[in-house]
Amino acid sequence: MAKLKDIAEIVGTSIATVSRVLNRDATISVSPKTRARIVAVAEELDYKPLKERRNIFAAGRGSYRSKVSEIYLELGERWKHVSEGSYYSRLKNGVERRCLELDVHVVTVKCLYPELFQPDGKTRGAIVVGQGSGIHRQARDFWQNLIVFADFLPEEPDFDSVGHDLYSATEQLMTGLTSKGYRRIGFIGGCSLGEHPEIYEARFEAYKDWLGTKDSFDSSLVSLAGNTTDNGLECTRELLAVEPRPDAIVACTDDMAVGAYKAVRDAGLKIAQDVAVVGFNDNPASELLDPALASVRLAPEEIGTSAVNQLLERLSGRDIAKKVVIQAPIIWRNSVK
């Protein structure tokens with residue numbers, strides 16, 4: 001039988017692109033011609049990947065398609081950050097691959113909408129990435145708790161969730177940096193809390209609390225403004241202008257850390273020897289930087305896979321909410337001495 005790889009080779013595109021087109025992913029940037037070609041080739045080859053996948057759940061349960069009509073993946077503001085290879089693209093791929101394996105249809109949306117919550121006899125579920133739009137609460141009665149938060153661990157007891165414990169990971173990172181002799185540790189990233197006070201940035205809160213317990217928190221060593229490479233460059237320049245300057249910088253993302261590298265070098269300083277830099281995510285390229293970037297390793301694909309599994313556990317009868325915490329180990333490299 002035809003596989004995604006066969007379609008990709010005929011069309012001349014990537015397997016990921018084929019998968020996203022066939023799953024009606026509205027966030028993918030692909031020409032109408034390529035989209036039509038992928039669909040046409042799939043039909044020509046009688047592509048039926050779902051029937052080829054073995055259901056890893058117990059034999060005899062049958063296809064989940066007969067039990068759940070659709071799973072909606074709400075990306076919210078993260079919609080604009082779903083580029084090939086990005087953190088949220090990898091999370092989304094984890095959801096899609098698991099749904100393919102289990103014969104469940106997944107639809108990616110920017111925001112859930114009330115029309116989905118009508119009592120029409122269909123069983124639907126939702127995976128809400130991040131804190132969500134809040135509209136998921138309207139779905140609670142109709143969807144019978146078939147809602148899972150992904151990449152966010154809310155305090156609400158009624159909802160399943162899966163994500164990293166970034167607060168604990170940051171505490172461990174601060175402990176590690178201090179044990180290596182660093183004393184003036186700066187922080188860059190997250191959002192501007194003044195512009196978005198409703199957003200809880202666990203990494204910043206952990207950083208502030210950790211230093212607060214030692215009565216050494218210094219707001220001049222903090223710059224909160226986005227999470228891109230350009231943000232990292234500007235934020236680090238701001239911190240390096242402080243006297244005395246930081247001897248280490250914690251960046252919310254590896255992209256920000258790349259910007260920090262440039263700022264440190266532009267200032268005539270050396271990474272690690274003068275200013276240590278640590279990121280979050282551990283992108284594949286992080287190890288290729290010079291020096292290799294120390295980073296907290298995150299697993300977005302695992303979050304996506306686990307979110308689907310949790311939804312289907314609920315569908316199979318589990319009535320107690322479950323919170324799954326994915327390990328986030330620190331990968332120490334040469335950007336720290």
Side-chain angles (χ1 to χ4, degrees), residues 19 23-25 49-51 53-76 78 88 90-166 298-327:
S19 174
N23 278 285
R24 298 189 298 171
D25 182 357
L50 304 180
K51 293 182 180 179
R53 302 286 199 269
R54 282 175 47 189
N55 190 329
I56 69 164
F57 285 86
R61 289 191 181 180
S63 168
Y64 276 99
R65 183 178 291 279
S66 63
K67 297 182 179 181
V68 60
S69 301
E70 291 169 319
I71 289 178
Y72 285 84
L73 175 63
E74 181 190 87
L75 292 175
R78 290 151 183 81
Y88 291 110
R90 291 163 58 197
L91 188 155
K92 187 165 158 300
N93 288 343
V95 171
E96 292 172 345
R97 278 198 298 267
R98 191 68 183 122
C99 285
L100 281 171
E101 292 172 348
L102 299 173
D103 193 6
V104 174
H105 184 56
V106 59
V107 179
T108 301
V109 296
K110 181 176 180 180
C111 182
L112 299 173
Y113 44 95
E115 288 77 10
L116 295 175
F117 311 150
Q118 303 306 314
D120 56 4
K122 294 183 178 180
T123 301
R124 297 186 176 98
I127 294 171
V128 178
V129 179
Q131 299 184 43
S133 61
I135 200 170
H136 58 275
R137 294 181 183 85
Q138 300 178 30
R140 181 157 32 195
D141 293 337
F142 291 120
W143 286 1
Q144 301 174 341
N145 289 326
L146 292 181
I147 299 171
V148 177
F149 281 99
D151 202 42
F152 178 58
L153 302 172
E155 295 300 322
E156 296 176 87
D158 296 333
F159 293 106
D160 279 21
S161 60
V162 52
H164 302 99
D165 185 349
L166 295 178
L298 305 182
E301 297 95 337
E302 183 60 33
I303 288 178
T305 298
S306 181
V308 176
N309 289 342
Q310 286 176 259
L311 260 182
L312 299 181
E313 286 176 10
R314 282 283 203 173
L315 189 65
S316 297
R318 175 169 56 80
D319 57 3
I320 301 297
K322 182 165 75 173
K323 178 182 294 187
V324 175
V325 178
I326 305 298
Q327 182 185 17

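Model, not experiment: these values are computed from the prediction.
Inter-residue side-chain proximity for I326 and D165 is flagged as unmet; no heavy-atom pair is nearer than 4.5 Å. Proximity of L102 to L312: side-chain heavy atoms (C-beta onward) are separated by under 4.5 Å at one or more points. Contact of the H164 side chain with the I303 side chain is registered, since non-hydrogen atoms from C-beta on lie closer than 4.5 Å. Contact check for L75 versus V109: no side-chain heavy atoms found under the 4.5 Å cut-off.
Taking OG1 of T305 as the start and CZ of R97 as the end, the distance is 6.5 Å to the nearest 0.5 Å. The distance from atom CG of L91 to atom CD1 of I127, rounded to the nearest 0.5 Å, is 8.5 Å. Atoms CZ and CG, from R98 and L311 in turn, are 12.0 Å apart once rounded to the nearest 0.5 Å.
In terms of heavy atoms, G163 sits closest to L153 at N-CD2, 3.5 Å. D160 and A321 get closest at one heavy-atom pair: OD1-CA, 3.2 Å.
A donor-acceptor contact shorter than 3.5 Å is absent between the side chain of H105 and the backbone of I71. For the pair Q310 (side chain) and V148 (backbone), a donor-acceptor distance under 3.5 Å is absent.
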Derivation and outcome, side chain to side chain donor-acceptor pair (under 3.5 Å), residues Y72 and E70: CA-CA 6 Å; Y72 285 84; E70 291 169 319; 2.7 Å; yes
Intermediate values then yes/no, side chain to side chain contact (heavy atoms under 4.5 Å, CB included), L166 and L298: CA-CA 9 Å; L166 295 178; L298 305 182; 3.9 Å; yes
Criterion side chain to side chain contact (heavy atoms under 4.5 Å, CB included) on S161 and V324, from CA distance to verdict: CA-CA 6 Å; S161 60; V324 175; over 6 Å; no
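For K323, there are no salt bridge (Lys or Arg N to Asp or Glu O under 4.0 Å) partners, not counting sequence neighbours. Not a single side-chain hydrogen bond (donor to acceptor under 3.5 Å, both in side chains) links E302 to another residue, sequence neighbours left out.
Using a 4.0 Å cut-off between charged side-chain N and carboxylate O, E313 and K322 make a salt bridge. Checked for salt-bridge contact, R314 and D319 miss the test: no charged N lies under 4.0 Å from a carboxylate O.
Between V129 and the options F152, Y88, F149, a side-chain contact (heavy atoms from CB on, under 4.5 Å) holds for only Y88.
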